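As a basis for the values below, the full set of heavy atoms in this structure was taken, side chains included, without hydrogen atoms, waters or symmetry mates. All values derive from a computational prediction rather than experimental measurement.
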Amino acid sequence: PRIRALNPGQTPTQAPPRCGQTMLARLTHDWAATSDDLWVFAYASLIWRPEQPVAESRPAKVHGYHRALQMWSRVNRGTPQAPGLVFALIAGGCCQGVVQRVAQADVPHYLPKLWAREMPNPVYDPKWLTAVTDQGAVRALAFTLPRHSPSYTGQLDANRYRQIFTSSVGRYGSTLAYARETHRQLAELGIHDHALAQLLAHAPDSQPLSTPSHAPATAEPTYPHPMP
């Protein structure tokens, strides 16, 4: 599309500020229209630290997005002075994880708690994605991140990863502990995330990461560079 030139003295139009509570209200309205249980697609810490006990969990896969440790975190896993990293769903490929079912009666209490955890700053783009399970497909809430977001990191250099893994700590702990535990929990499910294993090789005193012997590994595609 053509880009219109600005007139003298005209300033670029800025996007309106994102309001987390408005986003939550809109999503709650979308869910209420279904009058059903809520499914949430967990692909990182929600797998091993759900916000509250859930009614059911199933292994699941979503298409069109992949898991990536490519989102700046200045609250949960870092600070404004020493930003850390958290996972996000980035467009392209596919992602294996878990869908968690929250009973309809529990959703009004659950969603605000989930929002306070995942959206302390309204950075993620929450979306309804189709998650495929052995029992059939479900419509699930997932937290995605567009590449045009200022919080999208793309691929960092090795020294920056080492720095982050060494020093970035937020209200829920360090980036390194979060990344390592996510890798371990994925491996317990039989999911081997090659890109994550490669990043963790930059961690100080890193040890080779292996898949538990009882879990048949299912490899996920590697995305060494930001996809177009």
Partner residues of Thr28 under the side chain to side chain contact (heavy atoms under 4.5 Å, CB included) criterion, sequence neighbours left out | Leu24, Leu111
Set of side chain to side chain contact (heavy atoms under 4.5 Å, CB included) partners for Thr144, sequence neighbours left out = Tyr65, Leu89, Asp125, Lys127, Leu129
Considering only distance and modelled atom types, tabulate donor-acceptor pairs under 3.5 Å from the side chains of residues 132-143, sequence neighbours left out.
unit_1 : atom_1 : unit_2 : atom_2 : d
Thr133 : OG1    : Arg58  : NH1    : 3.3
Thr133 : OG1    : Gln135 : N      : 3.1
Thr133 : OG1    : Gln135 : OE1    : 3.4
Thr133 : OG1    : Gly136 : N      : 3.2
Thr133 : OG1    : Gly136 : O      : 2.6

ring-ring contact (aromatic ring centres under 6.0 Å, His included) with Phe165: which residues, sequence neighbours excluded?
-> none
Applying side chain to side chain donor-acceptor pair (under 3.5 Å), name anything that partners [X], two or more places apart in sequence or on another chain.
| X | result |
| --- | --- |
| Glu118 | none |
| Asp157 | none |
| Arg101 | Asp37, Glu56 |
| Thr182 | Trp48 |

Among pairs that include at least one residue of residues 19-30, which meet salt bridge (Lys or Arg N to Asp or Glu O under 4.0 Å), considering only residues two or more places apart or in two chains?
-> none
Quick one: which residue pairs count as a ring-ring contact (aromatic ring centres under 6.0 Å, His included) with a foot in residues 84-113, not counting sequence neighbours?
-> Phe87-Tyr178
List in chain and number order the residues that pass salt bridge (Lys or Arg N to Asp or Glu O under 4.0 Å) with Asp36, two or more places apart in sequence or in another chain; answer none if no residue qualifies.
-> none
Can you name the residues that form a salt bridge (Lys or Arg N to Asp or Glu O under 4.0 Å) with Glu51, not counting sequence neighbours?
-> Arg117
ILVMFWY network linking Tyr172 to Tyr43, side-chain heavy atoms under 4.5 angstrom | no
Identified side-chain contact (heavy atoms from CB on, under 4.5 Å) partner of Leu176 from the options Leu85, Leu200, Ile164 | Leu200
